Amino acid sequence: MAHNNIKILPGATVCEDCTLEGDITIGGGTVIHPRVTIIAEGGPIIIAEYCIIEEYSTIIHKKSDKQENPPKPLFIGAHNVFEVGCRLEAPCGHIGESNVFECRSFVGVDIKIGSGCVIGAACHLTAPQTLIDNTVIWGSEHHIREALEKQPSQLLQLDFLSKVMPNYHRLRKPNVHKRQPSRQSQDSSPKP
């Protein structure tokens, strides 16, 4: 990896004891537990706000043989939950919002994921496929059904984690701040 360019927005809770490599942007309100591995080897990874990434989870933006220049980012939408030990490998693309990747689940390189999906515990998705919104995959035979209701909000858990984790873990500090209005825009505003 040539260099790390880690951007942590205000409100994110990111433990020091995690591996972040490459060009990674972490949205406000997102919580990243210790022992998480996020590697952007094939291009930038953008994690939207209010995601939970639990211990031993791995997210890798894989290099592709058909790599574009500049490489396309891997965008992970808001309110996604990556439970303990899950693994996501993607060459680029978009992961929707409000998905749950349950414990020890695996999502391979040619899988597109909509919003509101659940990848069940220990399910391994390796065949190319597209999961439409609200798809639930579960069981050793990877049964598929449509979710009957929306995924519940994780905001209470996020609030709890953001308050408790600083008591037990060292955290990385946010390094991207809200932009101040530029001097030119202030000078050019109409005066009454």
Side-chain angles (χ1 to χ4, degrees), residues 1-9 12-131 135 137 142 154 158 161 169 171-172 175-176:
M1 183 56 49
H3 70 286
N4 288 337
N5 182 18
I6 312 301
K7 295 181 267 321
I8 302 171
L9 276 67
T13 304
V14 180
C15 288
E16 256 184 26
D17 188 19
C18 65
T19 303
L20 303 175
E21 296 179 6
D23 185 357
I24 301 169
T25 302
I26 300 166
T30 290
V31 173
I32 298 181
H33 288 251
R35 303 283 190 216
V36 165
T37 302
I38 302 174
I39 300 173
E41 68 182 22
I45 295 177
I46 301 167
I47 301 170
E49 53 280 332
Y50 305 113
C51 291
I52 300 174
I53 305 175
E54 295 180 354
E55 293 89 345
Y56 301 104
S57 295
T58 303
I59 298 172
I60 302 176
H61 184 308
K62 301 282 273 185
K63 276 189 177 177
S64 170
D65 297 337
K66 302 173 265 182
Q67 194 79 30
E68 294 181 18
N69 197 5
K72 286 187 176 180
L74 169 59
F75 181 79
I76 297 172
H79 301 279
N80 283 300
V81 177
F82 296 85
E83 293 183 357
V84 176
C86 71
R87 185 175 179 93
L88 170 70
E89 297 181 359
C92 68
H94 181 91
I95 304 296
E97 298 182 350
S98 301
N99 296 301
V100 177
F101 299 83
E102 291 186 351
C103 296
R104 299 183 50 83
S105 61
F106 174 85
V107 176
V109 294
D110 288 326
I111 313 237
K112 294 178 180 43
I113 299 175
S115 295
C117 297
V118 177
I119 313 302
C123 287
H124 287 241
L125 303 180
T126 55
Q129 59 188 300
T130 298
L131 301 182
T135 299
I137 297 181
H142 302 99
Q154 301 292 330
L158 282 161
L161 289 170
H169 301 285
L171 301 179
R172 296 180 188 220
N175 57 8
V176 175

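It should be emphasised that the depicted structure is a prediction, and the values quoted were computed from it without experimental measurement.
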Enter the distance from [X]:[atom1] to [Y]:[atom2] here, rounded to the nearest 0.5 Å.
X: Ile76; Y: Ile53; atom1: CD1; atom2: CD1; value: 6.0 Å
X: Leu171; Y: Cys15; atom1: CG; atom2: SG; value: 5.5 Å
X: Thr25; Y: Ile46; atom1: OG1; atom2: CD1; value: 5.5 Å
X: Cys18; Y: Leu20; atom1: SG; atom2: CG; value: 4.0 Å

Are the side chain of [X] and the backbone of [Y] linked by a donor-acceptor contact shorter than 3.5 Å?
X: Asn99; Y: Gly114; value: yes
X: Ser105; Y: Ala122; value: no
X: Asn175; Y: Ile8; value: yes
X: Ser57; Y: Glu83; value: yes
X: Arg35; Y: Glu54; value: no
X: Asn80; Y: Gly96; value: yes
X: His79; Y: Glu49; value: no

Among all residues two or more places apart in sequence or in another chain, which pass the ring pair (Phe, Tyr, Trp, His ring centres under 6.0 Å) test with Phe106?
->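 Result, ring pair (Phe, Tyr, Trp, His ring centres under 6.0 Å) vs Phe106: His124.
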Positive for side chain to side chain contact (heavy atoms under 4.5 Å, CB included) with Leu131, one of Val107, Ile137, Ile95 |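 So the option named by the test is Ile137.
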Ignoring hydrogens, what is the shortest heavy-atom contact between [X] and [Y]? Give both atom names and the distance.
X: Leu74; Y: Ala90; value: CD1-CB, 3.9 Å
X: Ala12; Y: Ile26; value: CB-CG2, 4.1 Å
X: Glu21; Y: Asn4; value: CA-OD1, 3.3 Å
X: Thr30; Y: Ala48; value: OG1-O, 2.8 Å

Are more than 12 heavy atoms from other residues, nucleotides or ligands located less than 6.0 Å from atom NZ of Lys112?
->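 For Lys112, atom NZ is not crowded (no more than 12 foreign heavy atoms under 6.0 Å).
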